[in-house]
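Data block below; observations after.
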Amino acid sequence: MEVIERAATLREAADAARGRGETVGFVATMGDLHDGHASLIHRARADTGFIVVSIFVNPLQFDSVKDLHEYPRAPDHDRATAERLGVDVVFAPEQAELYPNGPPEITVDPGPLGARLEGASRPGHFAGVLTVVAKLFHVVGLSRTYFGEKDAQQLTLVRRMVRQLDFAIDVVGCPTVRDRDGLALSSRNARLTPEERAAAPILFEALSDAAVLLRQGERDANVLKAHMAKLIGAEPLAKLDHVAVVDDETWEEPQRLGPGRPARALVAARFGQTRLIDNLLLPTMQN
Ligand code: AMP
């Protein structure tokens with residue numbers, strides 16, 4: 001496995017792989033690799049011949065300097081994990097490699113969806129995400145890329161950027177990997193106190209309850225949202241940020257869930273200093 005810090009070197013390595021007839025698989029991460037990241041890498045390995053994993057804590061997507069500084073970093077663990085998972089190249093640039101003149105003046109505008117839900121709670125977040133992802137896509141070049149459904153709004157915005165701005169990239173969404181108690185794996189989970197960790201599965205419980213209510217015939221999105229908010233609100237260690245039910249394609253928020261239209265429930269809440277998000281694709285009802 002090669003660890004590359006320079007964008008030009010990565011471009012050469014990816015070009016060389018394509019020259020050998022290999023498909024390039026790309027997984028963008030902020031490091032502190034866990035089994036959620038590993039699932040993306042496994043999927044990439046099953047589909048493609050040359051696997052690039054980027055590890056870069058992107059300052060543009062943090063709205064708080066404190067959050068950026070406190071974001072977990074584990075370079076040795078990450079390199080060992082990537083090697084064990086059969087990654088060909090880890091791209092681990094310094095900030096100055098990607099942003100030599102500081103934050104770029106030209107950025108990607110995520111459009112209206114970028115200002116809603118997670119984007120409303122974290123202003124500028126999705127512009128920061130799409131800007132770094134666009135840069136990484138340009139460096140890696142023609143490839144298939146793997147993003148987690150855990151960050152469903154991010155996945156949708158990446159897909160829209162690729163489609164609307166004609167990137168030569170194939171985007172593959174991968175299912176959320178969870179701990180045994182349902183908590184979605186996240187680098188942020190390590191920051192939870194034992195009590196907060198014990199409380200955090202309430203997010204997945206709320207989402208699962210929404211799915212149960214839908215299966216039982218409840219079609220009113222407000223009822224599903226109110227139920228999720230009530231459940232999370234009843235957990236003393238959780239501070240609800242938002243709940244939503246969106247159409248999985250348009251991301252509009254319907255009042256009633258129509259037949260045959262896939263919908264997704266989304267939640268975000270704080271546990272002490274740590275903000276967690278989760279979501280679940282709801283069962284599609286035929287009537
Ligand atoms: P991050 O390092 O948190 O920016 O995540 C890098 C990629 O891993 C993103 O595409 C995430 O959606 C994905 N990811 C993070 N956690 C999980 C998880 N629990 N299951 C599946 N994918 C995940």
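Atoms within a ligand are numbered from 1 in the order they appear, just like the ligands themselves.
Under a hydrophobic clustering in which Ile, Leu, Val, Met, Phe, Trp and Tyr are joined whenever their side-chain heavy atoms come within less than 4.5 Å, directly or via other members, M30 and V108 fall into different clusters.
In summary, the side chains of D220 and Q255 do not present any donor paired with an acceptor at a separation below 3.5 Å, with no hydrogens or angles considered.
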Worksheet item: After noting the C-alpha distance and the side-chain angles of N189 and L276, does the key distance pass the side chain to side chain contact (heavy atoms under 4.5 Å, CB included) rule?
Response: CA-CA 8 Å; N189 293 351; L276 299 180; 3.5 Å; yes

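Among pairs with a residue in residues 209-245, none fulfils ring pair (Phe, Tyr, Trp, His ring centres under 6.0 Å), at least two apart in sequence or across chains.
Y71 and F62 have perpendicular rings, their planes meeting at more than 60° on a 0 to 90° scale where under 30° would count as parallel.
Contact shell of ligand 1 (protein heavy atoms, cutoff 4.0 Å): A28, T29, M30, H34, G36, H37, L40, Y71, F147, G148, K150, D151, Q154, P175, T176, V177, L185.
Atom CD of E70 has more than 12 heavy atoms from other residues, nucleotides or ligands within 6.0 Å.
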